[in-house]
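Report on the following structure.
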Amino acid sequence: MEIFNYLEKYDYEQLLFCQDKQSGLKAIIAIHDTTLGPALGGTRMWTYASEEEAIEDALRLAKGMTYKNAAAGLDLGGGKTVIIGDPKRDKNPEMFRAFGRYIQSLSGRYITAEDVGTNESDMDQIALETEYVTGVTSYSGAAGNPSPVTALGIYQGMKATAKEAFGTESLEGKVIAVQGVGNVAYSLCKLLHEEGAELIVTDINKNAVQRAQNDFNAKAVDPDDIYDVDCDIYAPCALGATINDNTIPRLKAKVVAGSANNQLKSHEHGDILHQRGILYAPDYVINAGGVINVADELIGYNRERALHNVQRIYKNLEQVFAISNRDQIPTYIAADRLAEERIQAKKNSRSQFIINERNILDHRQ
Ligand SMILES: NC(=O)c1ccc[n+]([C@@H]2O[C@H](COP(=O)([O-])OP(=O)(O)OC[C@H]3O[C@@H](n4cnc5c(N)ncnc54)[C@H](O)[C@@H]3O)[C@@H](O)[C@H]2O)c1
Ligand SMILES: CC(C)C[C@H](N)C(=O)O
């Protein structure tokens, strides 16, 4: 990968490599854009096949956070970290403390939180070294695990998408295929089950599947079969790029709405969904509940306010569908426009986030 060419092409600000031999930390922090404020984005721990794959993931996820935070109306820029390693085998507290010191060295340009492979205890370790971490449990007024709130946002967004696609927001009796029943999707399935939706689930983790079968009467299929099932809604809630050349022709759903980041393998797959009349709820608009929740920590966490703000996802999606209908464009382009307009408006008055000016962190107690 020609790194500077890539950074220039998608206008990234910064890419950092952090190494700590003692703890085994190998982290890549990508800061995409800090026009709206400090970059907030989670830390993913994953076993990447190569360093290049890890860099690419950090970069793609960081850009997604810029758009997510902008579309959610937050005064925050976009960044993300990936830690190379197996979260089940390679984690240790010292690793997250070393990572915390690297975050601290950025003086607030980047703030972290949970993502796939990391949890509240990891954030608590990071918090021992830096204040620039959210989703922690270790002090009063902490937001804790963002996943249930992300699930609430997906649920709201799925209802808005169903209203657009089926003419009713009710999910009762709808058949919903859920790929990956981890932290977010378990809470999502609970809400869907309570509303009377029929669930078909899959996961590479058999225990996760079993739990969904027991708790929500879900039907289970093998991981690769989820694309072929007869359903109304496909909810990708595992990893990214599952909307691609191989899977689109197999989808029976009229709606794609789930929690995974970077669901489209590339932009053209958003075009193909549009041409086929499959309504796509842009990933970073529908899955913003978690970041809206942890961002509230920065101004003194208030659960009621955070949950109230998460309800905005319904309206944000209505706005995306309205732009898409008005301009006859795919929903992913409509969402990008929404986010880019907000960033551009701010850019007209100032560019990068510099810590020594008034900003969202001023409220931190
Ligand atoms: N946790 C949050 O608050 C949050 C917020 C926004 C977006 N997201 C995104 O939502 C997705 C899920 O996040 P999570 O926190 O629930 O993660 P998680 O790790 O708890 O759950 C993911 C699940 O997907 C399963 N999985 C992985 N590959 C699979 C495959 N090929 N087929 C089927 N199942 C597979 C895993 O076994 C796991 O159970 C991720 O893409 C994450 O980036 C999460
Ligand atoms: C809680 C958030 C800061 C991070 C979350 N994993 C996301 O992708 O939105």
Side-chain angles (χ1 to χ4, degrees), residues 38-47 57-58 60-69 71-72 74 76-82 86-88 110-120 122-123 126 132-136 143-154 157 177-189 200-212 220-227 234-244 247 257-263 282-298 306 310 313:
L40 172 56
T43 295
R44 176 170 295 192
M45 186 163 182
W46 195 249
T47 46
D57 205 29
R60 265 167 63 84
L61 290 164
K63 183 161 178 266
M65 289 310 299
T66 298
Y67 280 75
K68 185 181 305 193
N69 293 338
L74 299 170
L76 290 160
K80 199 93 176 188
T81 298
V82 304
D86 183 342
K88 291 203 188 81
Y110 170 68
I111 304 161
T112 202
E114 294 87 346
D115 193 66
V116 175
T118 61
N119 57 35
E120 307 95 279
D122 304 327
M123 298 307 123
I126 294 172
Y132 303 119
V133 54
T134 56
V136 295
N145 178 9
S147 302
V149 189
T150 302
L152 179 66
I154 304 287
V178 183
Q179 181 185 46
V181 262
N183 288 321
V184 175
Y186 179 81
S187 299
L188 173 66
C189 285
I200 305 175
V201 302
T202 194
D203 199 296
I204 51 173
N205 175 348
K206 288 200 168 46
N207 294 334
V209 171
Q210 191 64 57
R211 190 168 66 141
V221 295
D222 285 341
D224 190 52
D225 294 341
I226 197 74
Y227 306 109
Y234 165 57
C237 297
L239 297 183
T242 64
I243 306 290
N244 57 47
T247 59
S259 76
N261 283 308
N262 297 330
Q263 291 169 24
D283 46 12
Y284 63 76
V285 181
I286 196 171
N287 75 12
V291 76
I292 293 171
N293 189 51
V294 298
D296 204 86
E297 262 187 48
L298 301 172
V310 169
I313 290 174

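Remember, it's 1-based here, ligands and their atoms both numbered in the order they're listed.
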For a 4.5 angstrom cut-off between non-hydrogen side-chain atoms, does D115 reach N261? yes

What protein heavy atom lies closest to atom 31 (N) of ligand 1? Include the residue and the distance to one decimal. I204 CG2, 4.2 Å

Give a yes/no verdict on whether any heavy atom in K80 is under 4.0 Å from an atom of ligand 2. yes

Below 3.5 angstrom, do we get any N/O pair linking R44 and ligand 1? yes

Can you check whether A220's main-chain N or O pairs, donor with acceptor, with T202's side chain at less than 3.5 Å? no

Measure the distance from atom 3 (C) of ligand 2 to every protein heavy atom, then report the residue, atom name and distance (to 0.1 Å) of the closest one. A113 CB, 3.5 Å

protein heavy-atom neighbour closest to atom 3 (O) of ligand 1 works out as T150 OG1, 2.6 Å

Close side-chain approach of N145 and N119, heavy atoms under 4.5 Å: no

Among T66, I111, L74, which residue meets the side-chain contact (heavy atoms from CB on, under 4.5 Å) test with L40? I111

Return yes or no for this condition: an N or O of A238 is under 3.5 Å from an N or O of ligand 1. yes

Could you list which atoms of ligand 1 come closer than 4.0 Å to a heavy atom of D115? 42 (C), 43 (O)

Considering heavy atoms of the protein only, find what lies nearest to atom 17 (O) of ligand 1 and give residue, atom and distance to 0.1 Å. V116 CG2, 3.8 Å

Could you list the atoms of ligand 1 found under 4.0 angstrom from a heavy atom of N261? 7 (C), 8 (N), 9 (C), 41 (O), 42 (C), 43 (O)

With respect to C237, which candidate in L188, D203, V181, T150 satisfies the side-chain contact (heavy atoms from CB on, under 4.5 Å) definition? L188

Just to confirm my output: which protein heavy-atom neighbour is closest to atom 18 (P) of ligand 1, and how far is it? N183 N, 4.0 Å

Provide, to 0.1 Å, the distance between atom 44 (C) of ligand 1 and the closest protein heavy atom, together with that atom's residue and name. V184 CG2, 3.8 Å

Say you draw a straight line from CG of N69 to CD1 of I292; how long is it, rounded to the nearest 0.5 Å? 9.0 Å

Could you tell me whether some N/O pair between N287 and ligand 1 is separated by less than 3.5 angstrom? no

Would you check the N or O atoms of K68, main chain and side chain alike, for any that come under 3.5 Å of an N or O of ligand 1? no

Under the side-chain contact (heavy atoms from CB on, under 4.5 Å) rule, what do W46 and V116 come out as? Steps first, then yes or no, please. CA-CA 8 Å; W46 195 249; V116 175; 4.0 Å; yes

Nearest non-hydrogen protein atom to atom 9 (C) of ligand 1, with distance, is S259 O, 3.2 Å

Verify the distance criterion only: is there a donor paired with an acceptor across the side chains of T247 and Y234 at less than 3.5 Å? no

Test item: D86 side-chain N/O and T47 main-chain N/O as donor-acceptor pair under 3.5 Å: no

Can you list the ligand 2 atoms lying under 4.0 Å from a non-hydrogen atom of D115? 5 (C), 6 (N), 8 (O)

Tell me, do L298 and L76 make a side-chain contact under 4.5 Å, heavy atoms counted? yes

Taking only heavy atoms of K68, which atoms of ligand 2 are found under 4.0 Å from at least one of them? 7 (C), 8 (O), 9 (O)

Taking all non-hydrogen atoms of both residues into account, name the closest pair between A143 and E297 and its distance. N-OE2, 2.8 Å

In terms of residue, atom name and distance, what is the protein heavy atom nearest to atom 22 (C) of ligand 1? C237 O, 3.9 Å

May I ask you to list the atoms of ligand 1 that are less than 4.0 angstrom from any heavy atom of P146? 3 (O)

Could you tell me whether E114 approaches ligand 2 through its side chain, its backbone, both or neither, with non-hydrogen atoms closer than 4.0 Å? backbone

Ligand 2 versus T134, non-hydrogen atoms closer than 4.0 Å: side chain, backbone, both, neither? neither

Counting non-hydrogen protein atoms only, what is the nearest one to atom 23 (C) of ligand 1? Give residue, atom name and distance. D203 OD2, 3.7 Å

Distance check, rounded to the nearest 0.5 Å: I126 atom CD1 versus T118 atom OG1? 7.0 Å

So, the side chain of Q179 versus the backbone of I226: is there a donor-acceptor pair under 3.5 Å, distance only? no

N261: numbered ligand 2 atoms lying under 4.0 Å from its heavy atoms: 8 (O)

N/O separation below 3.5 Å, W46 to ligand 1: no

Rounded to the nearest 0.5 Å, what separates atom OG1 in T112 from atom NZ in K80? 8.5 Å

